[in-house]
Amino acid sequence: MSDDIARARALLRDAATAVVLTGAGISAESGVPTFRGGSGLWGQFRAEDLATPEAFARDPRRVWEWYAWRRTLVAECAPNAAHRALAEWALHRGTVTIVTQNVDGLHARAAREAAGEDDPARALPLEVHGSLFRDKCSGCGTRSDPVPVDATSVSTLPRCPRCGALLRPDVVWFGEMLDQHVLAAADGAAATADVCLVIGTSALVYPAASLPLRTRAHGGVVIEVNPEATALTRAAEISIRGAAAAVVPQLLNEG
Ligand code: BV8
Ligand code: ZN
């Protein structure tokens with residue numbers, strides 16, 4: 001075991017409270033493309049073209065085509081060893097807050113699988129950018145379970161049964177406010193945690209990227225797991241160069 005992993009394990013073991021911030025990189029080994037990496041999602045598309053309210057207003061069919069494709073892709077993916085190790089740890093410790101930028105639902109699936117008959121609540125993540133698997137009405141804001149989407153034309157796009165406006169994926173687009181309750185819970189956890197474990201994020205998107213800095217500002221330590229250096233690396237006490245599915249179980253598993 002590397003020295004960095006041994007030091008990080010000890011910090012995580014001794015932490016009374018911990019917050020975890022994950023990004024697209026934790027789901028890479030589950031087969032979900034990242035946003036900015038080589039084969040990143042944004043590589044084929046531009047975030048400005050698709051993940052904004054302006055894009056949806058301009059071309060809702062094109063935006064739904066991309067999200068329907070991502071729903072189909074992610075539905076084929078499964079949580080990996082990193083999601084599972086985090087879920088087990090959070091269930092066992094009870095003082096861990098998982099915050100994710102991801103909208104793929106893999107943390108919640110890992111939590112339910114790990115909990116079995118028990119309550120998964122302790123391992124359910126704060127999804128600060130919403131969820132791919134929930135619809136929201138673009139008019140009255142009503143949230144609902146996802147409906148099948150026929151993105152072949154605007155006229156076949158799903159509409160709200162209450163007000164008739166177009167439904168949209170219940171994700172936070174660029175330029176949109178995050179849910180203030182979810183953000184306050186994430187910020188509160190980060191501002192009091194002894195340790196912030198940051199996994200698989202380029203730390204470029206705000207306000208999520210400011211969460212680890214909140215832990216550091218009150219005297220907590222930041223531990224990063226990423227194959228590459230990021231905008232956050234210089235703020236990390238320990239930055240472990242490695243893939244999440246290989247490293248995270250080594251950091252958290254008992255024994
Ligand atoms: C807001 C949902 C304002 C949709 C997403 C301050 C400074 C600068 C800019 C801003 C700022 N404040 C606001 C902004 C604007 C903007 C922003 O931050 N822009 C950035 C690009 C500069 N922020 C916003 O617009 C936010 N809203 O602040 O509102 C406001 C104020 C008042 C009134 C109204 C509004 C909203 C941001 C949310 C955008 N939505 N997603 C969807 O998913 O379709 S963001 C999107 O990027 C995803 O959620 C994604 O998770 C997120 C971050 O990307 P990462 O997760 O980090 O993924 P990435 O590909 O970048 O990196 C992957 C990493 O994994 C890499 O480091 C790689 O090395 C690593 N990796 C790869 N393989 C592995 C691995 N790691 C481990 N293991 C592996 N195997
Ligand atoms: Zn409506």
Side-chain angles (χ1 to χ4, degrees), residues 21-43 45-56 63-64 66-71 73-74 80-83 99-107 125 127-144 158-180 182-183 197-213 224-233 239-249:
L21 174 68
T22 68
I26 197 171
S27 298
E29 288 151 287
S30 295
V32 181
T34 61
F35 285 81
R36 292 169 187 85
S39 60
L41 278 178
W42 302 131
F45 310 94
R46 280 166 25 86
E48 296 69 23
D49 297 346
L50 293 167
T52 68
E54 294 77 18
F56 188 73
V63 172
W64 261 121
W66 185 50
Y67 279 93
W69 170 72
R70 285 174 67 192
R71 275 184 179 169
L73 178 96
V74 172
N80 64 52
H83 297 103
V99 179
T100 189
Q101 301 171 87
N102 302 337
V103 296
D104 58 30
L106 292 181
H107 281 296
E127 295 176 319
V128 293
H129 293 161
S131 170
L132 200 50
F133 298 102
R134 203 170 41 242
D135 291 340
K136 184 170 82 172
C137 174
S138 62
C140 64
T142 305
R143 287 182 164 86
S144 51
R159 287 187 175 272
C160 174
R162 290 179 57 179
C163 76
L166 283 173
L167 296 185
R168 53 169 280 182
D170 188 16
V171 299
V172 180
W173 281 329
F174 287 100
E176 292 189 318
M177 292 286 278
L178 281 63
D179 177 298
Q180 292 308 296
V182 176
L183 183 59
L197 176 58
V198 185
I199 306 166
T201 184
S202 57
L204 294 174
V205 173
Y206 284 80
S210 59
L211 293 171
L213 304 177
E224 180 181 43
V225 176
N226 196 314
E228 298 170 10
T230 71
L232 196 70
T233 299
S239 188
I240 299 165
R241 287 288 156 276
V247 171
V248 175

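Atoms within a ligand are numbered from 1 in the order they appear, just like the ligands themselves.
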Subject >> Given V248, T100, I26, the one that forms side chain to side chain contact (heavy atoms under 4.5 Å, CB included) with H83 >> reply: I26
Original post:
Going by the order shown, which atoms of ligand 1 are within less than 4.0 Å of some heavy atom of L204?
Top reply: 18 (O), 20 (C), 22 (C)
**OP:** Kindly confirm or rule out an N or O of F35 lying under 3.5 angstrom from an N or O of ligand 1.
**Re:** yes
Original post:
Which of the atoms in ligand 1, numbered in the order shown and given with their element, are less than 4.0 Å from a heavy-atom of P207?
Top reply: 28 (O)
Subject >> Minimal non-hydrogen separation, L167 against F56, with atom names >> reply: O-CZ, 3.4 Å
**OP:** Within a distance under 4.0 Å of any heavy atom of V103, pick out the atoms of ligand 1 and give their elements.
**Re:** 43 (O)
Original post:
Do the side chains of V63 and W173 get nearer than 4.5 Å, heavy atoms only?
Top reply: yes
Original post:
Short list, please: which atoms of ligand 1 are under 4.0 Å from a heavy atom of N102?
Top reply: 51 (O)
Original post:
N/O to N/O below 3.5 Å, does that happen between V172 and ligand 1?
Top reply: yes
**OP:** Specify the closest pair of heavy atoms between A24 and N102, including all atoms of both residues, with the distance to one decimal.
**Re:** N-OD1, 2.9 Å
**OP:** Please identify which atoms of ligand 1 are closer than 4.0 Å to at least one heavy atom of G175.
**Re:** 24 (C), 25 (O), 34 (C), 35 (C)
Subject >> Residue pair V225, L197: steps toward the side-chain contact (heavy atoms from CB on, under 4.5 Å) verdict >> reply: CA-CA 8 Å; V225 176; L197 176 58; 4.2 Å; yes
Original post:
Is there a side-chain contact between Q101 and L211 (heavy atoms, below 4.5 Å)?
Top reply: no
Original post:
In terms of atom number and element, which parts of ligand 1 are under 4.0 angstrom from non-hydrogen atoms of A24?
Top reply: 55 (P), 56 (O), 58 (O)
Original post:
To the nearest 0.5 Å, how far apart are OH in Y67 and CG in D135?
Top reply: 12.5 Å
Original post:
With atoms numbered from 1 as shown, which atoms in ligand 1 lie under 4.0 angstrom from a non-hydrogen atom of G23?
Top reply: 56 (O)
Original post:
Relative to atom 1 (C) of ligand 1, which among R241, M177, E176, Q101 owns the nearest non-hydrogen atom?
Top reply: E176
**OP:** Using a strict cut-off of 4.0 Å, indicate which atoms of ligand 1 neighbour a heavy atom of E29.
**Re:** 78 (N), 79 (C), 80 (N)
Original post:
What angle sits at the Zn ion (ligand 2) between SG of C163 and SG of C137, to 10°?
Top reply: 100°
Subject >> Nearest neighbour of atom 41 (N) of ligand 1 from the list H129, E127, E228, on a heavy-atom basis >> reply: H129
**OP:** Using a strict 4.0 Å threshold on nitrogen-to-oxygen distance, state whether E176 and R168 make a salt bridge.
**Re:** yes
**OP:** Answer yes or no: does an N/O atom from R70 fall short of 3.5 Å to an N/O atom of ligand 1?
**Re:** yes
Original post:
Any chance the side chains of S30 and N80 put a donor and an acceptor closer than 3.5 Å?
Top reply: yes
